Number of protein chains: 2
Amino acid sequence: MSKELVFGHKNPDTDAISCAIEYAYLANKLGDDVEAVALGKTNNETNYVLKRFNVKAPRVITKAKPEVDSVVLVDHNEAIQSVSDIADVTVSGVIDHHKINFTSAQPLFYRAEPIGCCSTIIYKMYLENNIEIPSNIAGLMLSSIISDTLLLKSPTTTDDERNAVPALAKIAGVSDYEAYGVEMLKAGSDVDSRTAEDILEGDAKSFDMGGKSVRIGQVNTVDLDDVFKRQDELENTMKSLIKKNSYDLFLLLATDVLTSDSELLVLGEGTEAVETAFNHKLSNNRMTLPGVVSRKKQVVPPLTKVLS
Amino acid sequence: MSKELVFGHKNPDTDAISCAIEYAYLANKLGDDVEAVALGKTNNETNYVLKRFNVKAPRVITKAKPEVDSVVLVDHNEAIQSVSDIADVTVSGVIDHHKINFTSAQPLFYRAEPIGCCSTIIYKMYLENNIEIPSNIAGLMLSSIISDTLLLKSPTTTDDERNAVPALAKIAGVSDYEAYGVEMLKAGSDVDSRTAEDILEGDAKSFDMGGKSVRIGQVNTVDLDDVFKRQDELENTMKSLIKKNSYDLFLLLATDVLTSDSELLVLGEGTEAVETAFNHKLSNNRMTLPGVVSRKKQVVPPLTKVLS
């Protein structure tokens, strides 16, 4: 088989970067020729993880076709979140845990499970294929699960994650995964050092909801004030991003990783759809969403329902 | 978990019917409440298989929502091939081996592999979950693989099928699977007793190819003359089906199951796309396709490419 590239979504988070590395190692062990790459630079949290487990960040690509004919998608499936020339290559495999919006001209390997973290699926694939998990790969898997589930507190968390975390912590040599997790989440939530555009766009994803172009960013913090003391600056940057990219709606979900609550900042056309979706009124373009931490499970589905 | 229905595609073939029965048995063993149903009556081949292994045909449904909120799709994923009210229910799982054209509002369990038969995937799921395969379920799996791969001769056949067949034959108590397979394929290819509409529509699937509505039927036979001695009758019925359902193109792939060659009959608008796709000229609305037996692998992809 000729060489393939594997990558997670644009604006990569810890799971997107880790899944690519984890998958490439597994596929190469099973006899394929696969290189892990990324569709963007690594964020602060991921940098902390890569340094902790002594793993090199994958190189960043903007196009796949100049290098390969065939790619594997991890932690995403929608073209809008994938490499810019995805239509020009064959997708030979998808491993994901998101809603599906996918079309292919040929049968392919597709594995999705409605669980908290894509790295959990790849962890299961190592077990099913009897491939020993190296310590640093276990560290990436552990960190991804902590990141995606906010230390197993997100409603997306399943028994698969709860079972995987202690097993992976042991292989990775992490004696207290809760303490490690808090340090890791804190490392990823240093808002003060980030530009407004990075806060908005650093973990943003685009969604087509009933013909509307909806951009949803998420920022983790240990203090929501660190985000909203800069509300004017954030709104100005949001407005220019909306204009530049013709978004209909822009949502920023600011999540307190210690309390597991969020504050939503919303600009654009038709913000009443957001009010309907969450059954709250916006005040000063904001609403408080207690207990909401998951864009995928708690923000995208109700908004898709209202807009479709 | 509340009750779910599982079903294969419309115009069910042996694999579509068997997968539903196989999946329901597995899911119920694992603690779910799942009933196998069908989206149409069983064909001659499937009737032969069900009688041979003493299994009752699933009841036929036309709508899902009156009975359940949630369904599992086997051996298909495209809405156009599924239950009429598929948009009104949640798809909680898909197990399939076809190209993908699927959208969901929520994450779900999705397992697709680019292999010869969907029953092979479910066979692997029994093994992975350590569920013992009853003799009659093994008979259905064996028959589905023989049916989908024309006794392991179709180019869709993979090592998964080649490994599964002898193992399943043993469990099913079939001492000579080749002899059984020829009898089964013959039982499904009695063209003389079938109406023209049944030959055209009995195993037909609809495809959206670049905005064109393309209907592709397939009929297995042990003598292509049995089909084409009725060409006038078939063309007249094709024309009225095209008119009634606003198809752009209608293809009938008549496959000789003993020689593994096919003859294509084509009517509709823009038949030159078919000529381009297969690099052959139509003569008397027909072309010979030596070695072509797989609609999925040898007909749909080249035609999709030309029309998209």
Side-chain angles (χ1 to χ4, degrees), chain A residues 70 73 75-80 87 90-118 120-121 124-125 127-129 148 155-156 158 160 207-210 277 294-308, chain B residues 70 73 75-80 87 90-118 120-121 124-125 127-129 148 155-156 158 160 207-210 277 294-308:
Chain A
S70 169
L73 312 185
D75 198 32
H76 75 297
N77 71 84
E78 304 196 44
I80 201 169
T90 299
V91 178
S92 74
V94 178
I95 301 156
D96 191 23
H97 67 134
H98 295 89
K99 76 186 179 77
I100 299 178
N101 180 12
F102 186 82
T103 303
S104 71
Q106 299 263 10
L108 71 154
F109 180 90
Y110 197 115
R111 178 163 177 170
E113 297 184 35
I115 64 179
C117 178
C118 190
T120 312
I121 303 174
K124 290 160 74 173
M125 291 169 68
L127 299 184
E128 289 160 11
N129 288 285
D148 268 17
T156 56
T158 70
D160 284 344
F207 299 89
D208 177 349
M209 299 185 181
S294 168
R295 169 171 52 193
K296 185 172 71 172
K297 198 145 180 166
Q298 297 171 296
V299 177
V300 172
L303 196 55
T304 303
K305 204 174 166 186
V306 171
L307 287 172
S308 298
Chain B
S70 171
L73 312 185
D75 197 32
H76 75 298
N77 70 84
E78 305 197 45
I80 201 170
T90 299
V91 177
S92 74
V94 178
I95 300 155
D96 191 24
H97 67 133
H98 295 89
K99 76 188 179 78
I100 299 179
N101 180 12
F102 185 83
T103 303
S104 72
Q106 300 262 11
L108 71 154
F109 179 91
Y110 197 116
R111 177 163 177 170
E113 298 184 36
I115 64 177
C117 178
C118 190
T120 312
I121 303 173
K124 289 160 73 174
M125 291 170 69
L127 299 184
E128 288 161 11
N129 287 284
D148 269 16
T156 57
T158 70
D160 284 345
F207 299 88
D208 178 348
M209 298 184 182
S294 167
R295 169 171 51 194
K296 185 173 71 171
K297 198 143 181 167
Q298 297 171 298
V299 177
V300 172
L303 195 55
T304 303
K305 202 173 167 189
V306 171
L307 288 171
S308 295

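Below, chain A is the first sequence line, B the second, and so on; all start at residue 1. Quick caveat, the model's predicted, so the values are computed rather than measured.
Here the CG-CG distance, from A/D96 to A/N77, works out to 5.0 Å after rounding to the nearest 0.5 Å. The line from CD of B/E128 to NZ of A/K124 is 10.0 Å long, rounded to the nearest 0.5 Å. Distance check: B/S294 OG to B/D148 CG gives 9.0 Å after rounding to the nearest 0.5 Å.
Remark: side-chain polar atoms of B/T158 are paired, donor with acceptor, to backbone N or O of B/D160 under 3.5 angstrom.
Using a 4.5 Å heavy-atom cutoff, the side chains of A/T156 and A/I115 are not in contact.
Taking 4.5 Å as the heavy-atom cut-off, the residues of residues 296-308 of chain B that approach chain A are B/K296, B/P301, ordered by number. Contact residues of residues 99-110 of chain A toward chain B are A/K99, A/I100, A/N101, A/F102, A/T103, A/S104, A/A105, A/Q106, A/P107, A/L108, A/F109, A/Y110 (heavy-atom distance under 4.5 Å).
Chain B forms more heavy-atom pairs under 4.5 Å with one residue of A/E78, A/H98, A/M209, A/H97 than with any other, namely A/H98.
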